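Labels below follow one simple rule: chain letters A, B, ... track the order of the sequence lines, proteins then strands, and each chain is numbered from 1. This one's a predicted model, so the numbers in the text were calculated from it and none came from an experiment. All values below come from the heavy atoms of this structure, side chains included, with hydrogens, waters and symmetry mates left out.
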Protein chains: 2
Amino acid sequence: MRLSTKGRYGVTAMMDLAIHDNAGPVTLADISQCQGISLSYLEQLFSKLRKAKLVEGVRGPGGGYRLSRPAEDINIAEIISAVDEKVDVTRCNKEGNCQGGMQCLTHDLWMELSERLYSFLAGITLAQFVNRPGIHELAIQRDKINGRFILARRQAEVLQQQRKAS
Amino acid sequence: MRLSTKGRYGVTAMMDLAIHDNAGPVTLADISQCQGISLSYLEQLFSKLRKAKLVEGVRGPGGGYRLSRPAEDINIAEIISAVDEKVDVTRCNKEGNCQGGMQCLTHDLWMELSERLYSFLAGITLAQFVNRPGIHELAIQRDKINGRFILARRQAEVLQQQRKAS
DNA sequence: TAATTCCTGAGTAATTTAGTAGGATATTGC
DNA sequence: GCAATATCCTACTAAATTACTCAGGAATTA
């Protein structure tokens with residue numbers, strides 16, 4: 001388990017997708033502008049997210065990215081491990097000086113901690129952040145501030161339809 | 001919250017200290033040899049751990065480092081934040097384009113996640129890894145393999161005294 | 001056909017990680 | 001006091017990662 005700014009970018013971008021999930025795909029240009037990350041860097045991140053089957057790309061005008069699964073079924077741990085590719089867990093097997101020595105003992109203890117951490121993050125879904133009252137309305141306001149008018153309009157329409165249905 | 005190899009080094013080194021807590025200070029040269037980290041790099045890490053009041057240095061022959069508090073009172077979160085100094089949490093306030101916009105929304109959601117993560121790690125103590133049956137005996141064996149004979153002997157003595165007392 | 005958007009790869013600057021070097025300071029045991 | 005041990009401290013360097021730039025190709029819409 002590893003956690004850097006890259007992981008944060010991945011998670012916040014996925015949160016953005018999740019918020020607009022019902023309002024169609026979100027373009028990387030939008031996310032780039034809103035979150036202040038360069039477009040090409042985002043493309044690299046999303047290449048990983050796509051390979052991990054977390055998102056789907058839709059080409060052409062009106063395209064963008066959307067979640068490949070409902071936000072309820074996407075957890076934080078898989079986002080982070082998709083983006084923040086795991087570094088060499090240890091130098092254990094590579095060097096010969098670790099055959100049941102102290103390095104292995106603390107390494108095992110670390111692995112245990114690492115697994116606990118993973119399970120913890122695997123228990124948190126995107127939906128837990130996004131599906132709560134008021135957050136979609138808030139997102140519409142924010143989108144307008146950021147000049148994401150199309151996204152804001154689409155989302156507002158969806159909200160209105162939902163209200164009518166209920 | 002951030003978590004890189006630096007954090008792992010910090011935590012595993014602290015685990016090593018915790019295991020030998022009753023057997024006097026542990027030298028960085030020992031840790032360096034056992035865990036395969038360079039001495040000077042460890043010195044830099046321990047400089048941070050010392051400033052965070054997590055360890056105490058003992059100079060001179062027979063010296064080394066020891067925990068400044070019992071392992072029950074040291075949690076993983078504080079070790080990681082001592083070593084893996086927190087990077088710019090966001091670019092929010094620095095740029096002017098984030099005044100209640102989408103960036104701030106996902107930023108807030110990220111901060112919430114980050115705090116949950118911190119609390120989780122703050123709830124795990126060093127002692128939970130070290131104070132369990134058999135681990136000290138195992139450490140003595142491992143120390144012998146690694147040529148830490150002095151440490152192994154001291155620890156064996158402590159264990160024997162504890163057995164007599166009980 | 002033109003515009004839009006994903007998708008890919010190659011290259012680069014900035015930052016962080018990890019290590020090196022050289023020394024100063026405190027402590028122990030002779 | 002002296003030599004050995006070990007923490008402490010600063011500055012420098014090499015390697016890796018992060019973040020970005022550039023240049024183009026492929027699919028889709030209007």
I need the [atom1]-[atom2] distance between [X] and [N], as an integer number of Å.
{"X": "A:Phe46", "N": "C:dT5", "atom1": "CZ", "atom2": "C1'", "result": "13 Å"}
{"X": "A:Leu49", "N": "C:dC7", "atom1": "CG", "atom2": "C1'", "result": "14 Å"}
{"X": "B:Leu45", "N": "D:dC8", "atom1": "CG", "atom2": "C1'", "result": "14 Å"}
{"X": "A:Asp30", "N": "C:dT4", "atom1": "CG", "atom2": "P", "result": "13 Å"}
{"X": "A:Tyr41", "N": "D:dT21", "atom1": "OH", "atom2": "P", "result": "12 Å"}

message: We want to know whether A:Asn75 and A:Thr125 form a side-chain donor-acceptor pair, criterion being a heavy-atom distance below 3.5 angstrom.
response: no

field: B:Thr12 side-chain N/O to A:Thr106 backbone N/O, donor-acceptor pair under 3.5 Å
entry: no

Below 4.0 Å: OP1/OP2 of [N] and any side-chain N or O of [X]:
{"X": "B:Ser40", "N": "C:dA21", "answer": "no"}
{"X": "A:Tyr65", "N": "C:dT5", "answer": "no"}
{"X": "B:Arg59", "N": "D:dA4", "answer": "no"}
{"X": "A:Arg66", "N": "C:dC6", "answer": "no"}
{"X": "A:Thr27", "N": "C:dC6", "answer": "no"}

task: Taking all heavy atoms of B:His136 and all of B:Leu159, pick out the closest pair and write down the distance.
output: CB-CD1, 4.1 Å

message: Give me the atom names and distance for the closest heavy-atom approach of B:Ala18 to B:Ala71.
response: CB-CB, 4.2 Å

- request: Check every strand shown and say whether B:Ser4 touches a base, only sugar-phosphate, or nothing at a heavy-atom separation below 4.0 Å.
  value: sugar-phosphate

task: With heavy atoms under 4.0 Å as the rule, sort B:Leu28 into base, sugar-phosphate or nothing.
output: sugar-phosphate

message: When you measure from the centre of the six-membered ring of A:Phe129, is the NZ or CZ of B:Arg116 closer than 6.0 Å and no more than 45° off the axis?
response: yes

field: Side chain A:Glu43 and base C:dC6 donor-acceptor under 3.5 Å
entry: no

Of the listed nucleotides D:dT29, C:dT17, D:dT18, the one nearest the side chain of A:Pro61: D:dT29

query: What nucleotide, of C:dT8, C:dG19, D:dC20, holds the atom closest to the side chain of B:Ile37?
result: C:dG19

